[in-house]
Structure formats: C-alpha cells, structure tokens
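Below is the structure I would like to discuss, written out as structure tokens.
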Amino acid sequence: RHNPEGDAHFLEDESTKIIARKVADHYSARTNQTLEEREASPIIHLKKLNNWIKSVLIQLYARRGDAVLDLACGKGGDLIKWDKAKIGYYVGIDIADGSIEDCRTRYNGDADHHQRRKKFTFPARLMCGDCYEVRLDKVLADDAPFDICSCQFAMHYSWSTEARARRALANVSALLRPGGIFIGTMPDANVIIKKLRAAEELVFGNSVYWIRFDEEFSEKKFKSSSPFGIKYKFHLEDAVDCPEWIVPFDVFKSLAEEYDLELVFVKNSHVFVDEYMKKPEFVELMRRLGALGDGNQDQSTLTPEEWEVAYLYLAYVLRKRGQPDQT
Ligand code: SAM
C-alpha cells in the first residue's frame, strides 16, 4: 500500500540512522592519545576545563556506593572521577564500538596512556549501543535502578527527531530511582543561535572551532518549524568533526518534565566556572587539573579562543520525581 507520509518518515528515519552512524564512526576513529600528544593539543586547557566541570558535577551529586549509568560514556574519560566519588557500580554505554573498546582497556588498567593507576574499586558493565534508539530499560532491567545518570557532551546527538529525544529521556527516567539525579553537559542553543545571528552568514567560529548550518536553514523556518532535527556541522580542533543538532533548552526542559525529570539547575559553562570557582575545594581541583593555571605562566591557562568554545556549552542537573526509598 502506497503511503506518501509513511515513505517520508521512512526516509527521515534512514537519514537519521546514517547520521547516527557517521557520528559513531567519527568517535570510533579517534585513537587514544599519548600524554605528550594530549599536552600538545591546541585545546588542552579547554579539555581540562571540561574535565573540571564534569568533576564538579560528580562531586556535587555522587554519593558513596551509588549505581551510575553513563550514557555515551566514550572512552571512559570519567571513570577516575567516578572512582574518586567511591561509587558502587558503573554501567557505560556508547554507540562507538572503538570507544567502548578503549573504555574497557582503561577500566582493565592496561592502557599505556594517562592512566597511572591500579584497578578501579567498582564493578562495571560496558556496552556498545545507541542510547537514543534502544529501550535500555529492557536491556538493563537487572542493573536498574540507578542513583545517578550522566550524559556528558552527548545529549544533543539525540535531538535529530522527536522520537529519539523522547527515547533518550524515557530511558533516563525509567532507569533512575525516584529522587535519582541526571547530570549532563551539552551545547547551549541560545549561545549558538546568538552567534549565528551576529555572524550574518551560516558559518562562524575562531581558530579552534567552526559551526556551519545547512543552506536550507533560515531564521523563519527555525522559529516556525519543529524544534527537532535542526542540524549543523561542528568542528573543534583535535576533538570533534561531525553533524550535531540544536537542543532548545526550554523544549528539553518541558520534554524532560513529561518523563518526571525536574530541572534542578542549568548554567552556561562561563556562569558555572564563575560560581564554583568561589568554592575553595573546586579552586583546588582546578589548580590540580591545570585548566586555569596559577596566573604566573601565560601558557598555563585557556586561550581566549578556548574560552569562547567553553561558552558554547551548558551544564544541567535534573531530578527524577518521587521520594527515595527509605529502606
Ligand atoms: N561522555 C564522554 C566524555 O565526556 O568524555 C564522551 C563525549 S563525546 C563528545 C560524545 C560521545 O557520544 C561519543 O563517544 C559518541 O560515540 C557518543 N554518542 C553519540 N551518539 C550516541 C548514541 N546515539 N548512543 C550512544 N552514544 C552516542
């Protein structure tokens, strides 16, 4: 039976899958860097700053013994942060099989790169899968509920269609216990759109990044059409080069509410740094990570270009409705 609408959906679905595969292949192909290569990166201080932001989120919300679900865990760059928080169990899922392999190597402690440590103290389950397509409540029925779900620099890959965005949030909600916490970081759509308007063309950036919107993008269409599937290409030196999707935060917030996830806070990275750098324990953490330096050496801090990239991101915390089990 011919169904033009159905066909259109089929096509949209197919192209969405192709792009999801492109993203997976991009991340899979990124090989582990040696410590020397990492330190020589043009965005090394930005990477350190992002690690600091993730560490702060983890330190603010993780409790000893917590069960943690890390959606789009990548190469396991946050394993050490979770270990420091003394969590009890960790499940990491990523669509890129190459990254999951690296994550496994890192977890097993035989990576040659920047891991100078023994075994992790918590058991872990690492899996390859599409977090925005698969019903994770079925796959992880025996591992749930989780105390914390984390999705770092990855939620925006779900915003290609409403169905995927809903699957992402439904997965988080179904797997968190009542009162459980969802922490994450993703691009700040307000900043990106503001920069696009200021640029007066479809591409903008600086020496370390550029963002390019498709030719068919128009402000009018943007305002009137669906808040899903607004694509741009993101290039960040020595880190990212793939298609991404705009996530209007108000839409994210209200969709999350439909899945019983209530906003605790959202902060642009610049505001986040300002606020948490007022707390001595996080200043000390920043010093140890070396992102902002000590003010004495020029090379020990973010360049203005890196600081501009930091502005493209936000951090959010949501809480699953309901009271935690007292037993
Ligand atoms: N969370 C890690 C971190 O902070 O280091 C990795 C962040 S990296 C910028 C984005 C990650 O999202 C990649 O590892 C990529 O493979 C993953 N990703 C993208 N789409 C995904 C999907 N549909 N399901 C699972 N992982 C996905």
Side-chain angles (χ1 to χ4, degrees), residues 13 16-33 38 41 43 46-58 68-82 90-104 106-107 111 113-115 126-136 139-140 148-161 163-172 175 182-187 209 228 231 234-245 247 269 289 309-310 312-316:
D13 232 51
T16 299
K17 280 193 185 132
I18 290 167
I19 293 174
R21 187 49 25 223
K22 242 190 192 169
V23 170
D25 290 346
H26 162 72
Y27 283 106
S28 262
R30 285 198 54 81
T31 50
N32 264 334
Q33 292 179 311
R38 185 179 142 81
S41 166
I43 56 157
L46 176 68
K47 288 181 179 176
K48 290 177 176 178
L49 182 78
N50 286 337
N51 273 321
W52 176 83
I53 291 173
K54 293 191 288 180
S55 296
V56 171
L57 284 173
I58 289 171
V68 173
L69 173 63
D70 194 351
L71 296 181
C73 61
K75 298 166 182 291
D78 295 342
L79 283 168
I80 294 176
K81 302 176 188 69
W82 291 114
Y90 175 93
V91 174
I93 310 178
D94 199 284
I95 196 171
D97 49 352
S99 300
I100 283 293
E101 274 321 301
D102 287 348
C103 186
R104 189 160 287 131
R106 189 173 288 188
Y107 176 76
H113 86 305
H114 30 110
Q115 184 168 311
L126 305 172
M127 296 159 51
C128 185
D130 186 336
C131 299
Y132 314 138
E133 189 76 41
V134 177
R135 288 238 359 215
L136 293 181
V139 180
L140 298 174
I148 299 200
C149 174
S150 171
C151 184
Q152 303 300 340
F153 298 102
M155 192 67 194
H156 50 302
Y157 295 118
S158 75
W159 229 252
S160 49
T161 66
R164 282 171 71 79
R166 283 186 179 277
R167 172 64 62 224
L169 290 166
N171 278 339
V172 173
L175 290 165
F182 177 31
I183 57 176
T185 39
M186 67 178 169
Y209 89 98
F228 305 93
K231 185 155 71 46
F234 182 54
H235 175 88
L236 177 61
E237 274 310 290
D238 191 38
V240 188
D241 193 46
C242 63
E244 300 195 348
W245 312 96
V247 185
S269 290
L289 288 175
V309 178
L312 299 174
Y313 290 89
L314 56 75
Y316 60 83

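Remember, it's 1-based here, ligands and their atoms both numbered in the order they're listed.
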Only heavy atoms of Val23, strictly under 4.0 Å: list the atoms of ligand 1 that pass. 19 (C)

Should Phe228 and Arg164 count as side-chain neighbours, where that means a heavy-atom distance under 4.5 Å? no

For the residue pair Leu57 and Thr185, establish whether any side-chain heavy-atom pair is separated by less than 4.5 Å. yes

Heavy-atom nearest neighbour in the protein, as seen from atom 10 (C) of ligand 1, with distance rounded to 0.1 Å: Phe153 O, 3.5 Å

Could I get the full list of side-chain contact (heavy atoms from CB on, under 4.5 Å) partners for Ser28, not counting sequence neighbours? Ala96, Asp97

Hey, does Tyr132 come in under 3.5 Å of ligand 1, counting only N/O atoms on both sides? no

Is it true that Ser99 and Asp94 share a donor-acceptor pair across their side chains at a distance under 3.5 Å? no

Does any non-hydrogen side-chain atom of Ile58 lie less than 4.5 Å from one of Ser150? no

So is Cys131 polar-close to ligand 1, meaning N/O to N/O under 3.5 Å? yes

Would you call Asp102 and Arg106 a salt bridge, taking side-chain N to carboxylate O under 4.0 Å as the test? no

Hey, can you tell me if Tyr313 and Phe153 have their rings parallel, tilted or perpendicular (30° and 60° cut-offs)? perpendicular

Could you tell me which atoms of ligand 1, counted from 1 in the order shown, lie closer than 4.0 angstrom to a heavy atom of Arg164? 23 (N)

Looking only at protein heavy atoms, identify the closest one to atom 9 (C) of ligand 1 and say how far it is in Å. Tyr27 OH, 3.3 Å

Identify the protein heavy atom lying closest to atom 27 (C) of ligand 1, giving its residue, its atom name and the separation to 0.1 Å. Ile95 CG2, 3.3 Å

Is Ile95 close to Ile100 at the side-chain level, that is, under 4.5 Å between some pair of heavy atoms? no

Sub-4.0 Å heavy-atom approach of Gly129 to ligand 1: yes

I'd like to check which ligand 1 atoms, numbered from 1 as shown, lie under 4.0 Å from a non-hydrogen atom of Ala154. 12 (O)

Protein contact to atom 6 (C) of ligand 1 [nearest heavy atom, distance to 0.1 Å]: Ala72 O, 3.6 Å

Ligand 1-proximal atoms of Ser158, by part, heavy-atom distance under 4.0 Å: neither

Describe, in one word, how the ring planes of Phe234 and Tyr209 are oriented to each other, choosing from parallel (under 30°), tilted (30 to 60°) and perpendicular (over 60°). tilted

I'd like to check Tyr132 versus Ser160 (side-chain heavy atoms, cut-off strictly below 4.5 Å). Are they in contact? no

Would Gln152 count as a polar contact of ligand 1, with the cut-off being nitrogen or oxygen pairs under 3.5 Å? yes

Of all the non-hydrogen atoms in the protein, which one sits nearest to atom 23 (N) of ligand 1, and at what distance? Asp130 OD1, 2.8 Å

Give a yes/no on ligand 1: does Cys73 have at least one heavy atom closer than 4.0 angstrom to it? yes

Return the residue, atom name and 0.1 Å-rounded distance of the protein heavy atom closest to atom 20 (N) of ligand 1. Tyr157 CB, 3.6 Å

Is there a polar contact between ligand 1 and Asp94, counting only N or O atoms under 3.5 Å apart? yes

Numbering as shown, the atoms of ligand 1 that approach Gly74 to under 4.0 Å (heavy-atom distance): 6 (C), 14 (O)

So do Gln152 and Ile53 actually touch side chain to side chain, heavy atoms under 4.5 Å? no

How close do Asn171 and Leu136 get, heavy atom to heavy atom, and via which atoms? OD1-N, 3.0 Å

Check each atom of ligand 1 against the heavy atoms of Ala96 and keep those under 4.0 Å away; list them by number with element. 16 (O)

N or O pair under 3.5 Å between Lys54 and ligand 1: yes

